[in-house]
Every structure is written in structure tokens, then in C-alpha cells.
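Excluded from the calculations below are hydrogen atoms, water molecules and symmetry mates; all remaining heavy atoms, backbone and side chain alike, are included. Please read these numbers as outputs of a predicted model, since none were measured by experiment. In the text below, chain A, chain B and the rest are named by the order of the sequence lines, each starting its count at 1.
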Protein chains: 2
Amino acid sequence: MEKQTITIYDVAREAGVSMATVSRVVNGNPNVKPATRKKVLEVIDRLDYRPNAVARGLASKKTTTVGVIIPDVTNIYFSSLARGIDDVATMYKYNIILANSDENGQKEIQVLNTLLAKQVDGIIFMGNQVTDSLRHEFQRSKTPIVLAGSVDPKEEVGSVNIDYVAAIEEAVSTLIKHGNKKIAFVTGNLDDPINGMYRLKGYKQALNKANIDFDANLIFETEYSHKAGEAIWQKVKAAGATAAVVGDDELAIGLVNGATDDGAKLPNDFEVITSNDSKLTEIARPKLSSVTQPLYDIGAVAMRLLTKMMNKEEIDNETVLLPYGIVERGTTK
Amino acid sequence: MEKQTITIYDVAREAGVSMATVSRVVNGNPNVKPATRKKVLEVIDRLDYRPNAVARGLASKKTTTVGVIIPDVTNIYFSSLARGIDDVATMYKYNIILANSDENGQKEIQVLNTLLAKQVDGIIFMGNQVTDSLRHEFQRSKTPIVLAGSVDPKEEVGSVNIDYVAAIEEAVSTLIKHGNKKIAFVTGNLDDPINGMYRLKGYKQALNKANIDFDANLIFETEYSHKAGEAIWQKVKAAGATAAVVGDDELAIGLVNGATDDGAKLPNDFEVITSNDSKLTEIARPKLSSVTQPLYDIGAVAMRLLTKMMNKEEIDNETVLLPYGIVERGTTK
DNA sequence: CTGTTAGCGCGTTCAT
DNA sequence: ATGAACGCGCTAACAG
């Protein structure tokens with residue numbers, strides 16, 4: 001199994017120079033006479049030499065690869081972020097090791113450890129919550145980490161997000177303005193601070209400003225899936241809600257479909273505003289009104305931030321908030 | 001920047017044994033006296049030692065990571081395959097380097113090269129077509145490669161797919177049985193053999209068996225997006241088609257939405273059968289009838305096949321076809 | 001069962 | 001501008 005074993009040494013010998021010189025031209029070190037550079041380049045080309053990144057990694061202590069922990073690539077919200085991450089990673093000559101965690105705490109720290117063992121230069125984490133054990137692992141490794149579309153209430157690690165509190169407050173206020181008094185809050189795991197702390201807080205604030213009492217029966221915690229959305233419609237309806245803010249697009253479509261299949265006419269009989277503005281919102285019928293957030297950019301900016309950290313550059317702000325908005329499409333009056 | 005630099009040497013010294021012994025216990029080599037194993041393990045735990053995978057890779061010439069070239073993670077079809085790939089990769093202790101290619105030939109070979117430079121143990125390729133330059137790169141590296149949901153007409157590289165010819169023939173036949181005579185064939189790039197060769201062949205065969213003349217005006221080549229589907233509806237309609245087989249779910253939903261928004265009632269006014277049976281088919285309204293194919297499994301089996309190749313096991317069949325089917329949901333009578 | 005000794009392929013001083 | 005030599009952390013024979 002002699003895998004392509006042309007080393008820097010072969011090139012050096014063939015070109016009549018030393019390994020050091022070859023290394024220099026490969027790494028673009030200017031201290032090489034143009035003539036010899038040309039000669040070396042030529043040999044490299046002729047021998048079809050390809051630098052071994054592993055050896056390089058060992059010697060330089062840099063792998064030019066970053067780890068990305070993602071709950072599930074199959075979820076359009078996360079895959080959109082991932083795309084942004086990969087694009088700017090590529091832009092900065094990094095590669096991505098992608099690992100699905102299913103938001104399972106144990107898998108997460110497991111994966112984190114193998115990522116660190118592989119000497120990734122940095123890590124981007126997407127997931128429900130930064131548990132203490134996870135934070136512990138983060139800290140004992142000096143590897144830079146940034147959260148994308150995920151939040152650490154203690155703000156001990158860099159992150160890029162939107163202002164979830166304000167976004168949901170605005171969404172709920174919009175619904176209130178449309179005349180709704182009983183607005184369901186349908187979302188995923190409330191252990192995720194994005195749901196249980198921020199979004200819920202925004203929800204309550206909007207209610208408060210409108211002098212509407214908070215009703216715990218209007219809070220629905222479920223999973224991010226179309227099926228879960230369909231299933232929860234009856235409960236939402238039974239609770240007397242006339243509208244809902246939903247934490248995930250797929251879930252929202254499920255709810256909308258559940259309502260529609262049940263004979264409800266949206267948006268007149270029921271209104272919904274979802275949270276991620278993924279492409280699903282335009283695919284659904286009626287199209288989903290939504291909080292807008294720049295998914296691709298969240299990933300892209302997170303990766304950009306990470307490059308700065310890996311590069312030990314000065315960083316003005318470890319936690320960046322990107323702008324959000326509200327678009328009203330077919331599920332609001 | 002003293003990154004956690006506890007080496008195998010530190011452990012050896014601290015435990016009063018040689019590096020070799022430490023290496024043995026770390027790698028589960030049975031030739032170690034239980035007592036010393038225990039001692040070493042204890043030191044490893046106390047020192048919080050983590051084997052450096054890069055050094056290991058250099059020494060063993062195995063990185064336990066495989067490269068995955070994907071057109072776009074954001075496309076549910078591919079991300080479904082990716083999920084299957086990652087899951088079995090994890091199962092076999094591999095990690096995945098994920099790289100988006102946008103089906104851009106140049107990016108593909110570019111990415112392929114950096115993957116090889118990083119010494120991945122294997123590669124899974126998803127993409128339109130295996131161009132000659134790509135095949136050239138494949139061959140000059142002795143690295144195992146398998147295609148997932150992608151096809152190489154020359155069958156020179158392993159792959160896992162479904163029988164696209166038969167699947168589409170069956171889909172079209174179903175449409176014909178429903179009384180349709182003018183059936184549009186709406187798909188992506190015809191340069192992709194899956195579209196231009198296999199699916200198209202199945203389409204023609206079905207027509208042929210029903211004695212329906214092939215009409216080139218019913219062939220629509222576009223891109224895999226919802227928008228493209230909406231846009232092409234008017235053309236499909238103008239061509240007089242009463243039904244369509246579509247090569248991508250997002251594209252199909254676009255077509256369906258385009259028709260519906262235009263006042264058509266599906267499935268009575270128009271029928272459509274899509275090709276991937278991704279979760280989008282259940283999300284859309286009406287739900288999409290579809291060729292079914294085990295997306296997750298295609299990825300999983302591809303990865304499994306790759307592990308065998310990396311392991312130099314005997315392989316009975318380099319190109320495996322998984323079963324497909326047809327489900328009729330809301331877009332067929 | 002355990003220790004010694006070579007590399008793996010490349011980056012990086014330190015001389016020259 | 002270029003070369004010699006050492007080391008990155010670990011695996012893999014080979015002895016013992």
C-alpha cells in the first residue's frame with residue numbers, strides 16, 4: 001500500500017537543494033532566490049509533490065482545521081449556519097470537521113474531546129445549552145471556541161446571535177396589535193436558554209406592555225419537527241389560543257399544516273409568526289411570517305470571529321449580535 | 001501559548017514505564033500486565049493526558065478521518081445523506097471533513113486535493129458528475145473513494161444509489177396510467193448522468209411502452225430550487241403538460257406552488273411525482289407523491305462500504321443499488 | 001510482558 | 001540565500 005510517498009526530501013534531492021529551501025518555497029518564504037524558487041517549483045510540479053498536512057501539523061502545531069459541533073445537519077436552521085461557517089472557513093484556508101451531536105450532552109463532550117485530540121485550531125459550537133461539564137471542557141483546553149446561534153448566559157465564551165428577547169417581544173407585540181389576546185408560545189426545549197430565558201422573556205415583556213396576564217397554559221414545549229407541530233395543534237387550539245409564536249420553522253409549518261388540515265383558515269382564524277426565516281418559510285403555503293435573522297451570516301461571522309481568535313488578534317467584542325427583523329407573509333393578517 | 005502539552009513521554013515517566021507501554025495501553029494492546037495497565041491508566045487520568053491524533057497520524061499513516069465532498073449542505077437531499085454518513089463514520093471511529101463544492105468542477109478538484117493533502121483515509125463524493133479531471137485525481141491517489149447518491153457511468157469507482165432508470169420509468173408509468181399523455185420531465189443539470197442518462201432513459205422507456213411519442217418540448221432543465229420550480233410552471237403549462245416528474249423535492253414544491261398560486265387544483269388539474277422523498281414531501285401541501293429512496297441509508301451504506309475499502313476487506317460489489325419505491329400522496333390522483 | 005530505537009514528513013532555528 | 005540538524009508526539013518493529 002505505497003500511498004503516494006513523495007516527500008519534501010525527494011523534491012530537495014531532485015532539485016539539488018536542501019529540504020529547508022523546498023520548505024521555504026512551499027510556504028512562500030521570500031528568502032529564496034527567484035531562480036532556485038523556479039527550479040524547485042518545477043520539480044514539485046514534475047514529481048506531483050503534495051505537502052503532507054499531517055506532518056506539517058505536527059511540526060507547526062497548526063492543523064488549519066476547525067471542529068464544528070452541530071445538533072443535526074438535516075435541520076435547515078443549522079445547515080444554513082454551517083454553510084456560512086464553511087464558506088468563510090474556506091476563505092481563510094481552513095477545513096471543517098463536522099460532527100452531529102443530537103444536542104445530547106454526552107455526545108457533545110465526547111465529540112469535543114475527539115476534536116481536541118485531533119488538534120483542531122478552533123471550535124464552533126451549536127447546541128441547546130452550554131452545560132457546566134461542557135464549559136469545563138472548553139476551559140481546560142486553550143482552544144478558541146465560539147458559539148453560533150447558541151447562547152451562553154454566563155457569556156464566558158464568544159458567540160454570535162441575534163437579540164432573541166427583543167425579536168420575540170416584537171413578534172408578540174405584532175400579534176397583539178392584530179387583536180390577539182391569547183398567544184401561544186410554541187418552542188423546543190426550555191432548557192435551552194434561547195427558549196427558556198430569552199424568547200420567553202420577550203414573550204412576557206410584550207404581554208406585560210399590553211397588560212395581558214401571562215398564562216402558563218399557553219406555553220408549549222416540544223421538539224423541532226414538523227410532526228411535533230402537527231401534533232400540538234389540537235392542544236394549542238384547546239387552550240383557546242388565536243395565534244402563536246413558534247421557535248422553529250419546521251415546527252411552525254407543522255402547526256400551520258395541523259391547523260389547516262383541521263379546517264382553520266390562516267391567517268384569519270389563526271396567526272403564526274415563526275423564528276428563523278429559513279427558506280422553508282417561503283416554501284410553505286401560506287408562506288410563514290417570521291422573525292428574520294441572517295442565518296448564513298451568523299455562521300459566517302462566527303467563523304470570522306474564530307479566525308481572529310486563532311490568530312490572536314485583538315477582539316473588540318466577544319459576543320456579537322446581528323440585526324433581526326420581522327416579515328409578515330401569509331400567516332399574519 | 002502553551003497548549004496542553006502532556007505527552008506520552010510524561011505519562012511514561014510518571015508511571016515508571018516506557019512510552020511503548022503507554023502506547024500499548026492507549027491502543028488497547030492486550031500484551032500488558034493488568035497491574036501496569038491499571039497504573040498507566042491512573043496516571044493518564046491524573047495528568048489528563050490526551051493522545052495527539054496528529055502525531056499518531058504521522059506515525060501510523062492513518063488519520064481516522066474521511067473527506068466528504070457535498071454540493072451544498074443546505075440542500076435537504078444531500079444533508080440527509082450526510083447525516084447517514086456521519087453516523088456510521090462515528091460508529092467506526094471516523095470523523096468527517098465536510099466540504100461544500102457547489103457542484104463546481106474546479107472547486108471539486110481543489111477540495112479533493114486539500115483533502116488528500118490532509119491524508120484522509122477515504123473520501124465520499126457527492127456531486128453531479130465525475131468529470132475526467134476528477135477521475136484523474138481519484139486514480140492518482142490510492143485513497144479509497146465512494147460516490148453517494150451520485151453516479152459514475154464508467155463505474156470505475158464504488159458507489160451507492162438506487163436504480164434511477166427503473167424508478168423514473170415506474171413514476172412515469174404511474175402518471176400514464178392516470179391518463180396523462182403529456183408529461184413534463186423537470187430536472188436539474190442534464191450533464192448529471194443521473195438526469196441526462198438514467199432518469200431520462202426511464203422517462204423515455206415508459207413513454208415507449210405506452211406508445212407515446214417523445215416530445216423534447218416537455219423536457220425542462222433548471223436548477224434545484226424552489227424559485228426555479230415556481231418560475232418554470234408557466235412554461236410547463238404552456239407546453240400543455242398535464243403532469244410532471246421532477247428530479248428534486250424543493251424544485252417539485254416550487255412547481256406545485258407555482259401551479260397552485262396560478263389557480264390550478266392538484267392533483268386534478270395537474271399531477272406531479274418528485275424524486276427524493278425527503279421530509280419536504282410531507283411538509284408540502286398537498287403532500288408530494290414521490291419516488292422513495294432511503295436517503296439516510298444511501299449515506300450510511302456508502303460510508304460502510306468505504307470502511308471496508310479502507311480496511312482492505314474483500315468487497316463483493318463496488319456498486320450497490322438500494323431499493324426504491326413509489327408513494328402516492330396528494331399530488332397524484 | 002516490557003523497553004529501545006527508529007523513523008513518519010515537515011518547520012525551524014542556527015550557522016554559513 | 002541556503003543547508004544541517006533537531007524536534008513535534010507517537011507507532012512500530014525488534015530485542016530481551
Side-chain angles (χ1 to χ4, degrees), chain A residues 1-41 43-44 47-65 114 116-121, chain B residues 1-41 43-44 47-65 93 114 116-121 141:
Chain A
M1 63 147 281
E2 50 292 45
K3 259 169 86 175
Q4 181 128 8
T5 266
I6 299 167
T7 77
I8 199 174
Y9 177 76
D10 299 316
V11 177
R13 185 170 30 70
E14 199 73 11
V17 299
S18 74
M19 302 170 40
T21 300
V22 177
S23 176
R24 289 193 185 93
V25 347
V26 167
N27 292 300
N29 185 316
N31 287 44
V32 179
K33 202 192 301 176
T36 72
R37 173 190 306 283
K38 180 157 175 284
K39 185 173 53 181
V40 172
L41 248 19
V43 175
I44 286 182
L47 263 46
D48 205 24
Y49 164 71
R50 189 176 2 222
N52 180 323
V54 173
R56 212 200 289 238
L58 220 213
S60 69
K61 294 180 172 307
K62 290 198 191 104
T63 54
T64 64
T65 108
T114 97
L116 292 175
K118 295 215 169 171
Q119 313 300 116
V120 294
D121 297 333
Chain B
M1 64 147 280
E2 50 292 44
K3 259 171 88 173
Q4 182 128 4
T5 266
I6 298 166
T7 77
I8 199 174
Y9 177 74
D10 299 315
V11 178
R13 185 170 30 71
E14 200 74 11
V17 299
S18 75
M19 303 170 37
T21 301
V22 177
S23 176
R24 289 196 184 91
V25 347
V26 167
N27 292 301
N29 184 315
N31 289 45
V32 179
K33 200 192 304 174
T36 71
R37 175 190 303 283
K38 181 158 174 287
K39 186 173 55 179
V40 172
L41 247 18
V43 175
I44 285 182
L47 263 46
D48 204 26
Y49 166 70
R50 190 175 3 221
N52 181 323
V54 174
R56 210 199 289 237
L58 219 212
S60 69
K61 292 180 174 307
K62 287 195 192 110
T63 54
T64 65
T65 107
K93 312 289 186 194
T114 98
L116 293 174
K118 295 216 170 172
Q119 312 300 116
V120 294
D121 297 333
S141 88

Show every donor-acceptor pair shorter than 3.5 Å between a side-chain atom in residues 26-40 of chain B and any protein atom, with sequence neighbours excluded, or say none if there are none.
{"unit_1": "B/N27", "atom_1": "OD1", "unit_2": "B/R56", "atom_2": "NH1", "d": "2.8"}
{"unit_1": "B/N27", "atom_1": "ND2", "unit_2": "B/S23", "atom_2": "O", "d": "2.8"}
{"unit_1": "B/N27", "atom_1": "ND2", "unit_2": "B/S23", "atom_2": "OG", "d": "3.3"}
{"unit_1": "B/N29", "atom_1": "OD1", "unit_2": "B/N31", "atom_2": "N", "d": "2.7"}
{"unit_1": "B/T36", "atom_1": "OG1", "unit_2": "B/K33", "atom_2": "O", "d": "3.0"}
{"unit_1": "B/R37", "atom_1": "NH2", "unit_2": "B/N29", "atom_2": "O", "d": "3.1"}

With a 4.5 Å heavy-atom cut-off, do A/Y9 and A/V22 have their side chains touching? no

Computed from five pairs at either end and rounded to 10 degrees, the angle between the axes of the helix from C/dC1-D/dG16 to C/dT16-D/dA1 is 30°

Separation between OH (A/Y49) and CD1 (A/I6), nearest 0.5 Å, reads 10.0 Å

dist B/D10:CG -> B/M19:CE (nearest 0.5 Å) comes out at 10.5 Å

Hits for side chain to side chain donor-acceptor pair (under 3.5 Å) against A/T64, two or more places apart or cross-chain, chain-then-number order -> B/K118

Rounded to the nearest 0.5 angstrom, the NZ-OG1 distance for B/K93 and B/T65 is 15.5 Å

Quick tally for nucleotides 7-16 of chain D: nucleotides whose base has a protein heavy atom under 4.0 Å get B, sugar-phosphate-only ones S, the rest -, giving BBBBBBB---

Rounded to the nearest 0.5 Å, the CG atom of B/N52 sits from the NZ atom of A/K61 at a distance of 7.5 Å

### Task
Check every strand shown and say whether B/V22 touches a base, only sugar-phosphate, or nothing at a heavy-atom separation below 4.0 Å.
nothing

Residues pairing under salt bridge (charged side-chain N to carboxylate O under 4.0 Å, His left out) where one sits in residues 14-31 of chain B, two or more places apart or in two chains, turn out to be B/E14-B/R46

Outer limits of DNA chain C sitting under 4.0 Å from a non-hydrogen atom of chain A, read 5' to 3', are C/dG9 to C/dT12

Scanning both residues in full, the closest heavy-atom pair of B/G57 with A/V54 reads C-CG1, 4.0 Å

- Quick one: does B/V17's side chain get under 4.5 Å of B/V25's, heavy atoms only? no

